[in-house]
Amino acid sequence: MLNTTKSRKAFFKTLVTFTLILFPWFFAIIYLNYVEDDTKPKQLMLKHYKVDRRKLVDHTKFEILQQDFETAHDVTEACLSCHNKTAEEFMTSNHWNWSKTDSVNGEPITIGKENVPNNYCIGIKSNEKLCSHCHAGYGWADNDFDFKAEKSVDCLVCHDNTGRYKKPGPGKGNVGAGYPDHKIDLRFIASHVGATSKKTCGYCHFYGGGGNNVKHGDLEAALLSKKDCTKEVDVHMNHEGKNMDCSECHTTSHHEISGNMYTLSTSPENATTCVQCHTDSPHKSKLLNTHFNTIACQTCHIPEYAKVNPTRVWWDWSTSGKHKDGKPYNAEDIERNDSTFQYHAKHGDLIAIKNATPDYIWFNGHADIHLFGDKFEGDTLVMNKLEGSFEDHINPAHPEHPSKIYPVKIMRGKQPYDTEHRMLLQPNTFGPKGSGAYWADFDLDKAFENGMKARNLPYSGKYDFVYTESYWPLNHMVSPSDKALSCKECHSRDGRLSKLSGFYIPGRDNNNLVDTIGILLIISALIGVVIHATIRIISKRN
Amino acid sequence: MKKQTYIYSVFERFWHWSQALLIFFLMLTGFEVHSSFELFGFESSVEWHNTAGWAFLVLIIFAIFWHFTTGEWKQYIPTLELVKAQINYYIFGIFKGAPHPTHKTRHTKFNPLQRLIYLGLKLLVIPIQVVTGFIYLSYMHPEHSVGAGNIEFIAILHTIGAFALIAFVIAHVYLTTTGEKVFMSIKAMLTGWEVVDVDEKEEYITNMKQAVEHSTAGYYRLDNEGILTQVNKAWLEIYGFNKKEDVVGNHYSATRDEKQVKVLKSIVDRVLEGEKIIGQHVVRKNKDGSIGQHILSANPIVENGKTVGLEGFILDITDMGKDSQHMYSAIRNSSAGYYRINAKGYFEEVNEAWLKIYKCDDKSNVINQHYSITRNPENAKELDAVVEKVLNGGSIASKLAIRKCKDGTVGKHILSANPVYKKDKIVGMEGFIIDVTLEEEKSI
């Protein structure tokens with residue numbers, strides 16, 4: 001009797017002790033899983049985000065716009081008759097000059113499309129008639145273009161609200177050089193102008209490199225399509241959601257538009273950031289917010305690029321120019337999974353990919369950009385070296401330049417260089433037959449001679465091809481939060497960051513020696529216990 | 001002597017099992033973060049590992065406090081003595097059924113090997129885990145300078161500590177089964193009670209203290225000025241007081257009539273000079289002014305060679321008027337004997353006076369013997385009735401009993417008996433006896 005009371009008492013006491021141990025845990029689990037969830041804000045925390053889409057001015061009411069314009073310059077003059085200081089203002093901008101003053105280590109540097117080579121079409125010089133169809137101006141055909149002529153500003157390419165404005169290259173009755181299609185109704189367009197839109201910006205920015213999505217991989221015509229641009233494709237610009245326009249993030253003041261592309265910028269001056277709306281601690285989870293110090297938003301929130309249409313990742317100029325039966329040879333495209341293999345005589349071998357996984361790099365917002373006329377050594381040329389490293393991130397001497405891990409598209413290719421001067425070559429690609437333009441005459445030597453002459457750079461007549469890379473930070477086509485990367489994408493042995501080295505990531509890294517010895521220690525402890533117990537049992541029986 | 005003893009306090013058990021749970025949980029979540037397996041999901045594991053880390057820190061702070069305030073830290077003072085013997089025991093002796101080379105007691109809960117290992121855990125492994133863990137935790141906050149730099153070294157150190165802890169847990173859990181019974185140690189860690197060796201001297205002091213506390217014999221203590229410094233409950237009952245505070249601090253004369261003060265004064269003076277009073281019939285004045293009679297024993301309290309007071313027991317005999325003759329005899333003959341028997345009726349403890357009363361030379365002749373050896377068959381039933389009553393919760397304030405001494409002679413004494421409680425269970429009976437055998441009876 002006494003014994004049962006005692007054991008019941010003991011049991012009760014033990015139960016109380018364990019309840020004391022377990023209760024805080026149960027409480028915490030319930031709190032975290034159920035209670036806290038309810039108190040979490042359902043809405044994204046945004047600041048400084050407001051949109052005003054009201055039309056403040058009806059341009060159809062202005063008499064000066066109700067005329068049959070003879071040339072595009074006349075439209076500009078009509079615009080300037082009211083906006084009489086705007087051309088002056090606009091002519092300081094990148095969209096006019098294709099050149100800007102940036103800085104490298106505090107030293108000023110002039111860079112822009114004007115003097116920066118890329119590993120797509122290479123460069124604009126001697127090809128302006130074609131290239132300048134993306135210039136917000138009229139008549140840039142060669143080095144003689146007058147950058148001071150106010151009437152040459154193209155207001156319509158950005159402010160057209162009809163969607164009918166077009167600036168084709170030369171041919172079919174058009175002169176090119178940034179002039180609009182000779183058939184379009186300038187009167188109608190001029191009287192329907194307004195704020196910029198996805199469509200006006202996209203008219204150029206979606207088609208860089210010579211086709212939709214060729215260059216960026218995260219900026220393309222699908223963003224304009226109700227069908228293609230779902231929430232999954234772009235959480236900001238999809239049509240069911242906020243359907244945001246470019247300028248809502250790329251805030252603009254006096255025609256100075258914020259935003260940098262590190263193929264044409266060397267410093268983060270004037271950058272457009274996620275933080276300007278989302279703050280630097282946008283997550284409900286503190287753990288996720290702590291990643292802000294090391295991981296760019298884009299890294300998790302742009303898990304893939306080229307989600308709808310493929311983007312070019314390889315361009316080999318060295319194989320270009322093949323002819324078949326006396327005609328330039330264009331092979332049929334071969335599609336394999338998400339990759340498209342192409343051959344065009346004009347371009348060489350090309351590869352485009354879809355649903356691509358980004359590469360990841362440490363980046364601090366500064367880039368070292370290779371310019372035409374710069375010499376290089378070695379057999380690999382990185383055209384825009386993005387600066388940054390893990391050490392940079394931890395360097396207290398530069399707290400204002402912290403590196404973070406960013407996602408990038410890496411464009412690779414082979415392009416011509418002068419083997420004597422060790423300089424990249426500017427080919428003259430576009431021009432009529434007999435002019436020496438490569439895409440007409442398929443004579444590289446002549447094309448280089450023309451191109452380098454236009455650049456005022458020497459050409460020795462000896463050329464070869466060098467392997468080049470350019471880095472394209474991915475910023476657009478952000479996925480919804482449920483499609484963002486999960487922890488394990490990076491915190492695992494062969495995750496997305498497996499190529500970045502020199503620092504420790506929990507879950508990715510381990511010390512094999514320690515782990516091996518540790519596991520052996522556990523195994524030998526277990527074996528020791530089993531052997532010891534066995535001998536104990538046997539010796540007890542005996 | 002082995003005895004069921006309370007060796008793990010509630011906090012110690014709470015600490016131990018919380019720590020066990022936390023280490024187990026930290027191990028599961030930690031190795032998931034290490035990509036060793038998938039269980040809760042990476043994010044949950046990180047969150048829980050961090051939370052558990054904080055919980056562990058709080059627990060450690062409480063545990064450190066507990067170790068120092070209770071003095072339990074002394075249990076971990078390392079000794080190399082018998083380490084070899086302990087290792088030899090685990091490697092060889094245990095298989096041959098050899099006895100444990102060391103004995104667990106309340107004050108040496110850990111064998112020398114345990115001391116070394118536990119101290120290593122407390123001073124090396126756990127501090128490494130806590131320090132590296134919190135540096136690791138600060139890593140994502142580079143604005144705090146601790147987090148600056150590559151955490152590779154810290155992370156690897158943390159991993160090494162984790163492996164060491166797992167190996168410890170395996171060995172620790174296994175070694176709990178090497179006690180006398182397989183689950184004895186685990187049960188002890190759950191309930192707090194374990195059968196361990198006890199220090200006899202210490203046991204005696206505790207038992208006496210308890211006996212005085214619970215006895216139906218009244219206990220008192222005076223300082224050398226004659227001021228009452230301590231009385232027990234029974235004393236208060238005998239005198240009719242409710243609270244100790246009413247008595248303690250007063251001069252003994254408050255307990256006597258004018259006439260009787262003189263008697264008591266002579267007793268006190270004699271005792272303070274070194275004499276022992278082994279039994280004196282006295283008349284007291286109760287609180288309500290009524291008169292009572294009791295037998296008193298008194299002996300000097302000597303500290304550092306100086307008499308600092310006196311103490312003794314009293315047994316009420318007010319209602320035993322017809323036996324007052326016997327009481328009177330007790331003046332010269334008796335001294336309070338203490339005894340203690342367990343619930344089964346076997347002697348656990350007796351004092352020198354008891355042995356003298358029973359004419360017994362050596363304790364060992366009595367301890368572990370049944371109480372029936374102290375009675376002739378014709379008197380046995382009386383004692384059986386007393387034992388039964390007391391073991392069922394009753395108590396006997398004073399009863400005349402006829403004993404059988406070691407040499408076969410009989411004697412008379414007055415006995416008090418009350419149950420011995422351990423927690424709330426009766427585990428035995430104890431009391432005092434005062435010899436009242438008359439001179440003439442003795443001589444027969």
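Keep in mind that the numbers below use all heavy atoms, side chains included, and drop hydrogens, waters and symmetry copies. Just so we're on the same page: letters track the sequence lines, and every chain starts at 1.
- Under the 3.5 Å distance criterion, the side-chain polar atoms of Tyr174(B) are matched with a main-chain donor or acceptor of Ala533(A).
- Comparing Asp509(A), Asn510(A), Val529(A), Leu526(A) by how many heavy-atom pairs each has under 4.5 Å with chain B, the most go to Val529(A).
- Minimum heavy-atom separation, Ser492(A) to Ser35(B): CA-OG, 3.8 Å.
- When side chains are defined from C-beta on, Leu287(A) counts as touching Val46(B), because their heavy atoms get closer than 4.5 Å.
- Listed in order of number, the residues of residues 478-486 of chain A that approach chain B to under 4.5 Å between heavy atoms amount to none.
- With a threshold of 4.5 angstrom between heavy atoms, Ile519(A) approaches chain B through its backbone and through its side chain.
- For Lys231(A), the NZ atom is loosely surrounded, since the number of other residues' heavy atoms within 6.0 Å does not exceed 12.
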- Task: I would like to know whether Phe503(A) and Ile151(B) meet side chain to side chain contact (heavy atoms under 4.5 Å, CB included); could you show each step before the answer?
- Result: CA-CA 8 Å; Phe503(A) 62 101; Ile151(B) 43 142; over 6 Å; no
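- Between the side chain of His532(A) and the backbone N or O of Leu175(B), no donor-acceptor pair lies under 3.5 Å.
- The neighbour count for Glu232(A) CD, taken as heavy atoms of other residues, nucleotides or ligands under 6.0 Å away, is above 12.
- Taking both residues in full, the closest heavy atoms of Phe42(B) and Pro506(A) are given as CZ-O, 4.0 Å, listed atom of the first, atom of the second, then distance.
- Taking CD1 of Ile154(B) as the start and OH of Tyr504(A) as the end, the distance is 11.5 Å to the nearest 0.5 Å.
- Taking Glu43(B), Glu152(B), His34(B), Glu38(B) one by one and counting their heavy-atom pairs under 4.5 Å with chain A, the maximum is reached by His34(B).
- For Ile166(B), the part lying near chain A is the side chain, with the backbone staying farther off; criterion is any non-hydrogen pair under 4.5 Å.
- Note on Leu521(A), Ile522(A), Asp515(A): by heavy-atom pairs under 4.5 Å with chain B, the leading option is Asp515(A).
- When side chains are defined from C-beta on, Ile94(B) counts as touching Arg536(A), because their heavy atoms get closer than 4.5 Å.
- Here CZ of Phe163(B) is found 9.5 Å from CG of Leu520(A). Values are rounded to the nearest 0.5 Å.
- Interface summary for chain B: among Ile517(A), Ile535(A), Ile537(A), the most heavy-atom pairs under 4.5 angstrom belong to Ile535(A).
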